[in-house]
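Just so we're on the same page: letters track the sequence lines, and every chain starts at 1. Reckoned from all heavy atoms, side chains included, excluding hydrogens, waters and symmetry mates.
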Amino acid sequence: MRLFDTMSREVKDLLPADGKTFRFYCCGPTVYGPAHIGNFRTFVLQDVFRRTLELSGLPALHVRNLTDLDDKTIRDSQAAGKSLEEFTKFWRDRFHEDCQKLNMLPPHIEPSAVGHIPHQIRMIEELIEKGHAYQSEDGSVYYRVTSFSDYGRLSRLDQRELREGASGAVADDEYEKDSVADFALWKARREEDGDNYWDSPWGEGRPGWHLECSAMCREYLGETFDLHSGGVDLVFPHHENEIAQSEACTGHTMAHHWFHLTHLLVDGGKMAKSAGNFYTVDQLGEAGFSPAELRYVLISAHYRQPLNFVAKDEEGNESFPALAGARQALQRIARLSAALQEKAGIAEIPAFEELKKIDDRGSFQGAFDALADDLNTPESLGKVFSAMKALDLDSLDEAAAKTEFHGLQVALAALGLELPDLEAEKAEAPAEIQELAQQRWSAKQDKNWAEADRLRDEVTAAGWTIKDTKEGFELIPSA
RNA sequence: GGCGAGGUAGCCAAGUGGUAAGGCCGGGCUCUGCAAAAGCUCUAUCGCGGGUUCGAUUCCCGCCCUCGCCUCCA
């Protein structure tokens, strides 16, 4: 598998350093509110990445943290009058529910910041010892950026000016630092932190945000690991600071590969609560769209391109045309898949573990290859449809159908797409509707077209659509 | 001001130095009493102006425009 590396700015092969397991870390969510669909673009694509790795025969060790200790979780838990633990547990559970709905494989290890305070303190001690950090008068500890000559390599900071206070915002603890670029490793206890403080050699306080990832990477993946991932916004300063902390501490390269995911836009602009275009999985569910449909949209653009999520149609109504389109597309795949399955005489769709063993992917090999080549999800989807169109179902014997069915399932498993249940679409209509539809069918058989049409209108008015088939009819709830 | 990404059909979105995947929408056809559904099918010369080249949407230069980051942020 090949993937673009932010550090070297080139597409590189992915090879596990230990020759066996590909070990990678993803910066997870801050659990202080519901994750939005932009967050999930990142997490879903990381999930496609992992699925592709595993299906290509490379075992993975996936670590993704939960940020449960930072300014926002403390601030909002206080505002809610809850303990930090109770508050973050609520949002952590919610995040996990959303992940499950979106068919994401759970990470193998999911550490949290609060659970690793001692690890972080130990790292600070090391950094002070090695001259990379200093304590300020109030008991905070800062990282001295100038002590790490490689600082800025990932974000190419050395090639640009550090514009101090570009946003006009100036941290209130700035006077404590030797340089504005220095960042906090340990924050001295403050009034507004409430009960959220821990003992340390520098007094009571709490670790800085950037440190948790460094500490947990080291704990679970070692001093050097294969890949580190996150949203583009984390390149600077978060990942830059992680590198500075970890590499200054260990003296070794932190990660061999940096995988960054470009943000989602909504209707051409940045998603923001203030803009009213901040969507969650639940919200879209309430609007009548399934998580699978959302997932389809989230993977419909390459991860290094901005993806424009269209929420409003041309009339400006919030009708989510992108999701409606995804529904049509998924149903087409589902019909073809069902036809292949029947032709192949296969009872159950093979589980993920079983799909790992399938190496003849038939016509769908190209769809898988597109993912292995820099995780090109849109090309992969294109190949799925192209392969579908090229298939001549009638000419396939059972063995060929089986190969094609398995190939399709591997491609879908890599993309993490769950197909809609076509049978479930045919919901049970109320008895009176069934009766009307049956009467209409009889009228139709008698070629009493006027009566048949009249009855169909009645059924339609009641919110159901009649689909005639060769043998009879089906009732579908109207959209 | 600095850094970066991008402008491909109505919308979303791949890709390529030799006239452009795929999805949605829309049109047509088949099927059908009609309709729906389904299947098939049609629809772009790639922001503008130069340059390099036998040939550029794809490389180079300039311009216009959009978006993101530089502050917590996936």
Side-chain angles (χ1 to χ4, degrees), chain A residues 6 9 26-30 32 35-46 67 70-73 75 152 155-171 180 209 229-238 260-265 267-272 296-310 312-314 321-333 335-336 339 366-367 370 376-389 393 444 447-450 452-453 456-457 460 465-470 473-474 476 478:
Chain A
T6 309
R9 308 264 159 168
C26 300
C27 286
T30 300
Y32 73 114
H36 54 68
I37 58 174
N39 294 313
F40 280 117
R41 181 190 187 191
T42 294
F43 298 135
V44 162
L45 283 168
Q46 287 167 339
T67 295
D70 78 329
D71 294 346
K72 296 189 293 285
T73 55
R75 179 195 65 205
S155 58
R156 296 184 155 183
L157 197 63
D158 54 323
Q159 290 176 30
R160 65 192 203 190
E161 294 175 19
L162 246 185
R163 192 177 184 213
E164 299 180 354
S167 65
V170 177
V180 266
W209 172 52
S229 178
V232 272
D233 55 288
L234 297 182
V235 173
F236 183 85
H238 186 57
H260 289 106
L261 299 105
T262 303
H263 282 184
L264 175 81
L265 301 176
D267 292 326
K270 190 183 181 183
M271 179 167 35
Y296 182 96
V297 172
L298 294 179
I299 63 172
S300 67
H302 187 83
Y303 74 91
R304 276 192 282 136
Q305 298 298 343
L307 164 60
N308 188 23
F309 178 79
V310 180
K312 292 187 172 138
D313 59 29
E314 283 155 341
L323 292 167
R327 170 167 304 171
Q328 293 305 119
L330 284 168
Q331 286 181 350
R332 269 184 62 196
I333 301 174
R335 281 192 289 272
L336 188 275
N376 196 331
T377 49
E379 183 166 331
S380 180
L381 285 171
K383 292 268 167 84
V384 167
F385 285 100
S386 298
M388 277 170 51
K389 192 186 290 185
L393 271 181
K444 180 181 169 174
K447 298 197 189 302
N448 186 349
W449 311 131
D453 288 350
R456 180 169 59 199
D457 287 344
T460 303
T465 300
I466 294 175
K467 279 170 68 174
D468 285 348
T469 65
K470 280 171 190 161
F473 63 90
E474 290 169 1
I476 310 284
S478 301

(message) For a 4.5 angstrom cut-off between non-hydrogen side-chain atoms, does A:L323 reach A:V297?
(response)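 In contact.
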
(message) Is the shortest side-chain heavy-atom distance between A:L261 and A:Q46 below 4.5 Å?
(response) yes

Taking atom [atom1] in both [N] and [M], what distance in whole Å separates the two?
{"N": "B:rU16", "M": "B:rC34", "atom1": "C1'", "answer": "47 Å"}
{"N": "B:rG7", "M": "B:rU57", "atom1": "C1'", "answer": "12 Å"}
{"N": "B:rC54", "M": "B:rG39", "atom1": "C1'", "answer": "45 Å"}
{"N": "B:rU45", "M": "B:rA9", "atom1": "C1'", "answer": "11 Å"}
{"N": "B:rC11", "M": "B:rC46", "atom1": "P", "answer": "16 Å"}
{"N": "B:rC48", "M": "B:rU66", "atom1": "C1'", "answer": "15 Å"}
{"N": "B:rA36", "M": "B:rG26", "atom1": "P", "answer": "11 Å"}
{"N": "B:rG62", "M": "B:rG4", "atom1": "P", "answer": "14 Å"}

(request) Ignoring backbone atoms, test whether A:Q46 places a side-chain nitrogen or oxygen under 4.0 Å from the OP1 or OP2 oxygen of B:rA74. (result) no

(request) Tell me whether the OP1 or OP2 atom of B:rA74 has a side-chain N or O from A:T30 closer than 4.0 Å. (result) yes

Write down the distance between [atom1] ([X]) and [atom2] ([N]), rounded to a whole number of angstrom.
{"X": "A:K270", "N": "B:rC67", "atom1": "NZ", "atom2": "C1'", "result": "11 Å"}
{"X": "A:R75", "N": "B:rU71", "atom1": "CZ", "atom2": "C1'", "result": "14 Å"}
{"X": "A:K467", "N": "B:rC34", "atom1": "NZ", "atom2": "C1'", "result": "18 Å"}
{"X": "A:D233", "N": "B:rA5", "atom1": "CG", "atom2": "C1'", "result": "14 Å"}
{"X": "A:E474", "N": "B:rA37", "atom1": "CD", "atom2": "P", "result": "13 Å"}
{"X": "A:H302", "N": "B:rG22", "atom1": "NE2", "atom2": "P", "result": "20 Å"}
{"X": "A:F236", "N": "B:rC72", "atom1": "CZ", "atom2": "C1'", "result": "13 Å"}
{"X": "A:N376", "N": "B:rG22", "atom1": "CG", "atom2": "C1'", "result": "11 Å"}

Distances under 3.5 Å only, N/O to N/O: pair up the protein atoms with those of nucleotides 39-46 of chain B.
none

Return the polar atom pairs (N/O with N/O) between nucleotides 29-33 of chain B and the protein under 3.5 Å, or none.
unit_1, atom_1, unit_2, atom_2, d
B:rG33, N1, A:D453, OD1, 3.0
B:rG33, N2, A:D453, OD2, 2.8

Looking at residues at least two apart in the chain, or sitting in another chain, which of them share a side chain to side chain contact (heavy atoms under 4.5 Å, CB included) with [X]?
{"X": "A:D313", "value": "A:E315, A:N317, A:S319, A:P321"}
{"X": "A:H238", "value": "A:C27, A:W209, A:H210, A:C213, A:L234, A:E242"}
{"X": "A:K270", "value": "none"}
{"X": "A:H263", "value": "A:V232, A:D233"}

Would you find a donor on one side and an acceptor on the other, under 3.5 Å apart, between the side chain of [X] and the backbone of [Y]?
{"X": "A:N308", "Y": "A:G268", "answer": "yes"}
{"X": "A:D468", "Y": "A:F473", "answer": "no"}
{"X": "A:R41", "Y": "A:P306", "answer": "no"}

Select base, sugar-phosphate, or nothing to describe what [X] touches, counting heavy atoms under 4.0 Å on all strands.
{"X": "A:F40", "answer": "nothing"}
{"X": "A:G230", "answer": "sugar-phosphate"}
{"X": "A:G382", "answer": "base"}
{"X": "A:L264", "answer": "base"}
{"X": "A:L265", "answer": "sugar-phosphate"}
{"X": "A:A329", "answer": "sugar-phosphate"}
{"X": "A:P378", "answer": "base"}

Could I get the full list of ring pair (Phe, Tyr, Trp, His ring centres under 6.0 Å) partners for [X], not counting sequence neighbours?
{"X": "A:Y296", "value": "none"}
{"X": "A:H302", "value": "none"}
{"X": "A:F309", "value": "none"}

(message) Judged by each residue's nearest nucleotide on RNA chain B, which is more toward the 5′ side, A:R304 or A:L381?
(response)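 With A:L381 and A:R304 compared, the 5'-side residue is A:R304.
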
Between the protein and nucleotides 7-12 of chain B, which nitrogen or oxygen pairs are less than 3.5 angstrom apart?
unit_1, atom_1, unit_2, atom_2, d
B:rG10, O2', A:E314, OE2, 2.8
B:rC12, OP1, A:N308, ND2, 3.2

(request) Applying side-chain hydrogen bond (donor to acceptor under 3.5 Å, both in side chains), name anything that partners A:T6, two or more places apart in sequence or on another chain. (result)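 A:T6 satisfies side-chain hydrogen bond (donor to acceptor under 3.5 Å, both in side chains) with A:H260 only.
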
(message) For a stem of at least 3 consecutive Watson-Crick or G-U pairs with distances under 3.5 Å, i pairing with j, i+1 with j-1 and so on, which stems involve RNA chain B?
(response)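 Stem list for RNA chain B: B:1-7 with B:64-70, B:10-12 with B:22-24, B:26-30 with B:38-42, B:47-51 with B:59-63.
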
(request) Measure from the side chain of A:Q328, starting at C-beta and using heavy atoms only, and say which of B:rC25, B:rG6, B:rA74 lies closest. (result) B:rC25

(message) So is the aromatic ring of A:H263 stacked onto the base of B:rG68, judging by whether the centres are under 5.5 Å apart and the planes are under 30° apart?
(response) no

(message) What's the separation between atom CG in A:L330 and atom CZ in A:R332, rounded to the nearest 0.5 Å?
(response) 11.0 Å

(message) Using the side chain to side chain contact (heavy atoms under 4.5 Å, CB included) definition, which of the options A:L264, A:L45, A:T42 pairs with A:L298?
(response) A:L264

(message) Checking side-chain polar atoms at under 3.5 Å, does A:D70 have a donor or acceptor matched by the opposite partner on A:T73?
(response)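 Yes, a side-chain donor-acceptor pair sits under 3.5 Å.
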
